[in-house]
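Data block below; observations after.
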Amino acid sequence: MRTGVGTAHGTFGELLQGVLPERDGDFLVTLPVARWTRAVFRPDPDAPGLVVRPARKVKALRMARLVMARAPRPVGGVLTVSSLLPEGKGLASSSADLVATARAVGQAVGLALPAARIERLLARIEPTDGVLHPGIVAFHHRSVRLRAVLGTLPAMAVVGVDEGGAVDTVAFNRLPKPFTAADRREYARLLDRLTGAVRAHDLAEVGRVATRSALMNQALRPKRLLGPLCEICREVGGLGVAVGHSGTALGVLLDTADPAYTHRATAAAQACGRIADGVTVYRTLSFNGTGHRAAPRPPVPA
């Protein structure tokens with residue numbers, strides 16, 4: 001057996017998240033960003049079991065055990081998980097840990113793990129983001145099921161802030177949804193709009209949908225900085241506002257191909273710094289037709 005290595009990208013919250021009129025209507029639309037989790041699994045036939053480092057990554061350890069139970073020749077070993085994604089903020093850190101772990105252990109033991117098989121394993125652990133799929137996808141996160149691949153977008157920047165604290169995704173998904181039948185119909189319309197916008201590479205419409213989703217989510221998990229951030233977005237000429245619907249992150253979306261991008265990014269970072277302790281600039285990921293990600297441009301310093 002060989003050492004296995006797996007990676008998974010994170011997201012900056014979601015472009016859209018809500019509940020559709022149909023059964024199993026809870027869904028989200030991913031916003032992939034250029035931050036990753038990397039998992040390395042070193043098998044040891046003489047080890048009595050599996051160990052994870054750091055020890056707090058207990059969900060990753062559970063995924064490793066689920067994969068190993070399906071291996072042709074199960075063995076023990078050490079799983080090391082490292083991530084650039086902060087935990088509990090709405091950046092899909094837990095989902096990325098789990099997907100990277102499945103890929104690393106599967107590679108080490110020679111077990112084929114297509115996306116549908118990983119989804120079944122994820123569903124045994126927790127509600128999960130759609131980070132196992134390249135590009136922007138609509139995903140049923142509670143039942144862990146791909147709804148549709150929407151496509152990919154030109155690169156954007158997200159000037160992000162964090163309200164502080166952390167959110168337990170499992171506990172959040174147990175909350176009763178306050179959305180009415182009219183809200184559910186609006187979410188269906190927003191999904192249709194976003195699907196068309198991604199296909200057309202219409203970043204302005206993507207921003208409008210993301211902002212509306214953030215505002216509607218205030219009924220479920222209100223964010224005190226959403227109002228000020230929307231005002232900053234208007235002032236700097238941003239595309240819209242994206243949030244971690246089940247987290248604490250909020251950000252202004254900017255078109256990196258805009259000739260005024262550097263000015264807008266600097267102005268947004270300065271304004272965000274006046275309402276929050278820290279500002280981080282993220283880059284979204286673009287994917288080509290084969291599912292490989294395009295290299296992001298260097299970030300503008302906050």
Side-chain angles (χ1 to χ4, degrees), residues 11-32 88-95 119 122-123 125-131 133 136-150 158 160-163 165-198 202 204-231 233 239-253:
T11 69
F12 191 92
E14 300 80 24
L15 288 172
L16 174 63
Q17 181 170 327
V19 185
L20 299 170
E22 64 204 51
R23 187 178 180 181
D24 186 25
D26 291 85
F27 80 105
L28 56 80
V29 177
T30 58
L31 178 57
K89 306 298 184 180
L91 302 186
S93 62
S94 181
S95 298
E119 285 178 351
L122 292 168
I125 298 175
E126 66 174 4
T128 308
D129 209 307
V131 298
H133 299 284
I136 296 170
V137 301
F139 198 77
H140 291 285
H141 53 287
R142 295 186 71 177
S143 57
V144 193
R145 175 173 59 87
L146 178 68
R147 180 181 181 90
V149 176
L150 274 59
V158 189
V161 297
D162 175 23
E163 289 195 326
V167 176
D168 183 310
T169 302
V170 175
F172 175 84
N173 278 283
R174 293 195 186 107
L175 295 175
K177 301 296 189 299
F179 303 122
T180 65
D183 292 331
R184 290 170 179 249
R185 291 192 295 271
E186 182 170 1
Y187 278 121
R189 292 192 295 270
L190 289 170
L191 180 56
D192 286 343
R193 286 173 55 188
L194 186 56
T195 300
V198 173
D202 185 347
E205 176 70 348
V206 168
R208 286 189 289 267
V209 172
T211 302
R212 180 56 185 157
S213 184
L215 292 169
M216 291 182 71
N217 194 63
Q218 291 291 82
L220 180 59
R221 193 181 191 283
K223 292 178 171 55
R224 58 182 173 79
L225 294 181
L226 181 58
L229 208 69
C230 286
E231 182 59 30
C233 183
L239 298 166
V241 173
V243 303
H245 291 68
S246 61
T248 63
L250 309 85
V252 175
L253 298 171

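One-based numbering along the sequence shown. Atom set for the values below is all heavy atoms of this structure, side chains included, hydrogens, waters and symmetry mates excluded.
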Task: Closest non-hydrogen atom pair between Q218 and P222, with its separation - done: OE1-CA, 3.3 Å
Task: Which residues share a side-chain hydrogen bond (donor to acceptor under 3.5 Å, both in side chains) with S93, sequence neighbours left out - done: none
- [ ] Quick one: closest heavy-atom pair of A138 and L146, and the distance?
- [x] O-CD1, 3.7 Å
Task: Pairwise distance NZ(K89) to OG(S246) - rounded to 0.5 angstrom - done: 12.5 Å
Open item on the list: With a 4.5 Å cut-off on side-chain heavy atoms, are S94 and E126 touching?
Closed with: yes
Open item on the list: In the structure I gave you, are the side-chain heavy atoms of L15 and V209 within less than 4.5 Å of one another anywhere?
Closed with: no
Open item on the list: Between the side chains of K223 and E163, is the shortest nitrogen-to-carboxylate-oxygen separation below 4.0 Å, so that they form an ion pair?
Closed with: no
Task: Residues forming a side-chain contact (heavy atoms from CB on, under 4.5 Å) with A242, sequence neighbours excluded - done: F12, L31, L253
Open item on the list: According to side-chain contact (heavy atoms from CB on, under 4.5 Å), who are the partners of A204, at least two apart in sequence or on a separate chain?
Closed with: D202, R208
TODO: With sequence neighbours left out, write down each residue that passes ring-ring contact (aromatic ring centres under 6.0 Å, His included) with Y187, or none if nothing qualifies.
DONE: F179
Open item on the list: Side chains of E14 and S213, heavy atoms from C-beta outward: is any pair under 4.5 Å?
Closed with: no
Task: pair I136-V29: side-chain heavy atoms closer than 4.5 Å - done: yes
Open item on the list: Under the rule for side-chain hydrogen bond (donor to acceptor under 3.5 Å, both in side chains), what residues qualify as partners of E186, not counting sequence neighbours?
Closed with: R212
Open item on the list: Looking at R145 and D24, is there a salt bridge between them, counting it only when a charged N and a carboxylate O are closer than 4.0 Å?
Closed with: yes
- [ ] Could you list the residues that satisfy salt bridge (charged side-chain N to carboxylate O under 4.0 Å, His left out) with D183, not counting sequence neighbours?
- [x] none
TODO: Taking the side chain as every heavy atom from C-beta outward, state whether V137 and L150 have any atom pair closer than 4.5 Å.
DONE: no
Open item on the list: Quick check: do L229 and V161 have side-chain heavy atoms less than 4.5 Å from each other?
Closed with: yes
TODO: Say whether, by atom type as modelled, one donor and one acceptor occur between the side chain of T11 and the main chain of G13 under 3.5 angstrom.
DONE: yes
TODO: Only counting residues at least two apart or in another chain, list the ones meeting side-chain contact (heavy atoms from CB on, under 4.5 Å) with P178.
DONE: A219, L220
Task: Donor-acceptor under 3.5 Å (D129 side chain, A92 main chain) - done: no
Task: Backbone N/O of V144 and side chain of T128: donor-acceptor pair under 3.5 Å - done: no
Open item on the list: Evaluate L226 against V243 for side chain to side chain contact (heavy atoms under 4.5 Å, CB included), listing each step before the verdict.
Closed with: CA-CA 9 Å; L226 181 58; V243 303; 4.2 Å; yes
- [ ] Using side-chain hydrogen bond (donor to acceptor under 3.5 Å, both in side chains) as the criterion, list what pairs up with T248, not counting sequence neighbours.
- [x] D162
Open item on the list: So which atom in A214 and which in V241 form the shortest heavy-atom distance, rounded to 0.1 Å?
Closed with: CB-O, 4.3 Å
TODO: For side chain to side chain contact (heavy atoms under 4.5 Å, CB included), just list the numbers for H133 and V149, CA-CA rounded to whole Å, side-chain angles, deciding distance to a tenth of an Å, and then say yes or no.
DONE: CA-CA 8 Å; H133 299 284; V149 176; 5.6 Å; no
Task: Contacts of A182 that satisfy side-chain contact (heavy atoms from CB on, under 4.5 Å) - sequence neighbours left out - done: T180, R185
Task: Which residues share a side-chain hydrogen bond (donor to acceptor under 3.5 Å, both in side chains) with R147, sequence neighbours left out - done: E22, H140
Task: L191 and L16, any side-chain heavy atoms less than 4.5 Å apart - done: yes
Open item on the list: Are the side chains of Q17 and N217 in contact, using a 4.5 Å heavy-atom criterion?
Closed with: no
Open item on the list: Walk me through whether E205 and R193 qualify under side chain to side chain contact (heavy atoms under 4.5 Å, CB included).
Closed with: CA-CA 8 Å; E205 176 70 348; R193 286 173 55 188; 2.7 Å; yes
TODO: Give a yes or no on whether the backbone of D26 and the side-chain of K177 come within a donor-acceptor separation of less than 3.5 Å.
DONE: no
